[in-house]
Amino acid sequence: MEYRLKIKEETLSVEVENDGEEKIKAVIGEKEFDVSYTAVNDHRIHLVVNGQGVNAYVSDQGDGKIIAIKGKSYFVCDADLLEQSKTRKKGPGSNPQEVTPPMPAVVISVAVVEGDVVEKGQAVVIVSAMKMETSLAAPFNGTVQKVNVAEGDKVMPGDILVDIEKEE
Amino acid sequence: MFKKILIANRGEIALRVINTCRDMGVKTVAVYSDADKLALHVLAADEAFYLGASEPAQSYLNMDKIIDAAKTTGAQAIHPGYGFLAENSEFVEKCDQQGVVFIGPPAKVIKDLGDKITSRKIMVNSGVPVTPGLTSTEADPGVMSVEAEKIGYPVLIKATAGGGGKGIRIVHSSEEMADACAAASREAVNAFGNGEIYLEKFFTKARHIEFQVLADKFGNTIHLLERECSIQRRHQKIIEETPSFVMTPALRQEMGKAAVTAAKASGYVNAGTVEFLLDENNKFYFLEVNTRLQVEHPVTEMITGVDLVRWQLEIAYGKELTLKQEDIAGRGHSIECRIYAEDPENDFFPSPGTISFLKEPTGPGIRNDCGVYSEFEVPVDYDPILSKLIVHAQTRDLAIAKMIKALKSYIVIGVKTPIDFLMDVLKSEPFICGEVFTDFIETHFENWQPDMSDADLARIAFVIDEMCGNRKAKKLVCAKDAMPTPWQTLGSWRHGL
């Protein structure tokens with residue numbers, strides 16, 4: 001069995017072979033791992049990797065799993081599944097560069113109105129989350145088509161706060 | 001002692017206060033908003049009182065609702081925690097009028113010290129050294145620039161009200177002045193309802209050292225040693241320790257005396273903190289007095305053995321401070337790390353969400369003041385602190401090692417936390433050598449990236465988790481004494497390529 005697993009920007013292939021009950025052999029690149037494991041509960045797996053015991057804490061999160069080992073968290077996803085879902089989502093004409101908050105937030109002020117010409121990097125909306133202000137910038141040079149929010153609005157990641165038509 | 005008090009706060013600090021109340025046999029009333037219906041402080045208190053909508057103005061900042069809650073539930077006193085109404089003199093006045101005891105300093109003291117201009121004047125008059133800068137507020141960026149030229153850039157534009165790193169901007173040149181003044185003022189209006197600002201010198205190489213004080217109504221005032229709080233991000237402390245690496249008995253005595261003078265000069269009563277900057281030449285300057293219990297108070301509790309919340313209640317009840325200065329001695333070393341829901345890879349931006357899994361560290365010398373639990377949704381509406389993790393050991397080196405161990409076993413999944421960042425800071429050469437200044441993070445950890453040393457193990461754990469599939473289903477199969485087939489145990493899988 002082979003998985004292609006991505007952490008951050010790095011996708012590595014993991015070859016796995018069953019090696020008895022609750023035992024596997026895994027090969028990642030040049031490295032070989034003899035692993036025996038116990039699924040302690042839904043979130044905790046105890047591993048003995050090449051003779052060394054370690055706990056991994058796992059939680060499913062959307063496209064992948066968060067795995068915490070020795071206080072460090074890794075977001076691991078299946079690169080093959082990810083590619084499939086990406087091709088599905090990406091329709092023609094979709095634009096990944098949008099004015100959207102990185103997290104749930106409240107709009108503090110809108111610095112532009114319809115028809116304004118904006119430059120890439122120019123602050124167009126200021127939002128506040130957990131009492132901290134952050135400004136959202138125009139992703140490219142262009143013209144403001146529509147302002148979709150007003151001061152005090154609660155906004156979520158993915159909400160397009162300002163439509164900007166890209167300058168050709 | 002009070003029979004029952006109300007805690008006008010939420011999260012870990014509300015739980016911290018409840019904890020001591022339990023020790024003292026004082027009943028507790030929690031208050032909560034829509035976002036906090038299932039918050040831990042609500043579940044832990046003897047009673048809980050609903051305030052209103054999640055936005056602070058409708059709940060934790062709503063003075064009338066809170067005082068009404070105290071009267072309705074029969075609470076004799078209100079503990080404000082930190083933040084929200086903790087340093088609001090109007091609230092204290094309202095409590096006084098309504099016959100509810102405020103557990104903290106008198107209204108006038110909060111007003112005087114909460115205004116950085118007035119407090120600077122009090123200190124100058126009583127001979128406590130202050131940082132160079134203005135002793136009056138200023139709205140004109142032009143005038144600010146002139147003053148900045150006089151004392152030299154960089155300077156700090158600071159809101160005269162509030163604290164907690166809000167309403168502060170560093171200015172390096174006159175071109176940045178107008179924007180910085182506007183931003184600091186706006187942030188201050190939002191956070192404290194007062195946009196007044198002033199200017200003071202910004203020390204690029206300085207340590208932030210503060211002294212805990214306790215004062216009663218009879219004029220007895222003592223200090224409880226220092227805390228070193230130089231490791232900050234966005235002007236907010238993230239690692240605190242005591243004793244300070246640079247403290248000598250002589251300097252401690254001198255600064256402690258200045259702290260007591262500062263408290264006495266302002267008529268201080270209850271627990272408070274006098275903050276100083278210590279420059280490279282070990283010259284210290286008064287910064288401000290925090291008229292509240294601070295987030296980092298546990299490190300002081302660890303080395304002195306004094307429960308500060310207990311003394312807050314005793315003093316508010318009118319008891320005399322029986323602790324004398326000579327009773328106060330530090331034992332060992334204590335470090336605190338603040339665990340926020342935030343992303344250290346992305347400029348420490350807040351990271352709200354649902355905690356899908358939580359495992360707190362435990363062991364000798366480890367204390368975790370925690371305000372959340374597994375399945376709790378960290379609301380977007382409030383400060384993102386999850387817990388404060390504190391360790392106590394015989395020496396600084398042992399405390400660092402203990403803190404790293406504790407962080408390693410602290411598992412928070414679902415929101416981002418600085419746990420791995422904190423471990424890297426604690427392991428770093430400059431931290432170990434005590435080379436800690438307020439610019440520590442910008443200097444040594446500007447573009448920090450998490451260490452990926454266990455990425456292979458994480459990949460293996462991913463595969464195993466997939467292979468185990470739905471574990472509850474697997475248990476059911478086993479219970480029927482049937483041999484599970486690979487179709488049941490493999491989870492999702494695919495042919496070898």
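Every chain is numbered from 1, with letters handed out A, B, ... down the list of sequences. Since this is a predicted model, take the numbers as computed values, not measurements.
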| query | Tell me, side chain or backbone of B:Phe462 under 4.5 Å from chain A's heavy atoms, or both, or neither? | reply | both

Contacting moiety of [X], where chain B heavy atoms sit under 4.5 Å:
{"X": "A:Tyr57", "value": "both"}
{"X": "A:Glu10", "value": "both"}
{"X": "A:Ile7", "value": "both"}
{"X": "A:Val54", "value": "side chain"}
{"X": "A:Val14", "value": "side chain"}
{"X": "A:Ile66", "value": "both"}

| task | Count the heavy atoms of every other residue, nucleotide or ligand shown that sit under 6.0 Å from CD of A:Glu165, and state whether that count exceeds 12. | result | no

| query | Considering all heavy atoms of both residues, which atom of B:Ile413 and which atom of A:Ser59 are nearest to each other, and what is their separation? | reply |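 Reported closest heavy-atom pair: CG2-CB, 3.3 Å.
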
| Nearest non-hydrogen partners of A:Ala26 and B:Ile460, listed with the distance | CB-CG1, 4.2 Å

About how many Å separate [atom2] of [Y] and [atom1] of [X], when rounded to the nearest 0.5 Å?
{"X": "B:Ile464", "Y": "A:Ser36", "atom1": "CD1", "atom2": "OG", "value": "8.5 Å"}
{"X": "A:Leu5", "Y": "B:Glu466", "atom1": "CG", "atom2": "CD", "value": "8.5 Å"}
{"X": "A:Ile28", "Y": "B:Arg459", "atom1": "CD1", "atom2": "CZ", "value": "6.5 Å"}
{"X": "A:Lys72", "Y": "B:Asp454", "atom1": "NZ", "atom2": "CG", "value": "8.5 Å"}

| said: Do A:Ile67 and B:Leu457 make a side-chain contact, defined as non-hydrogen atoms from C-beta onward lying under 4.5 Å apart? | reply: no

| So does B:Asp451 pair up with A:Lys70, basic N to acidic O under 4.0 Å? | no

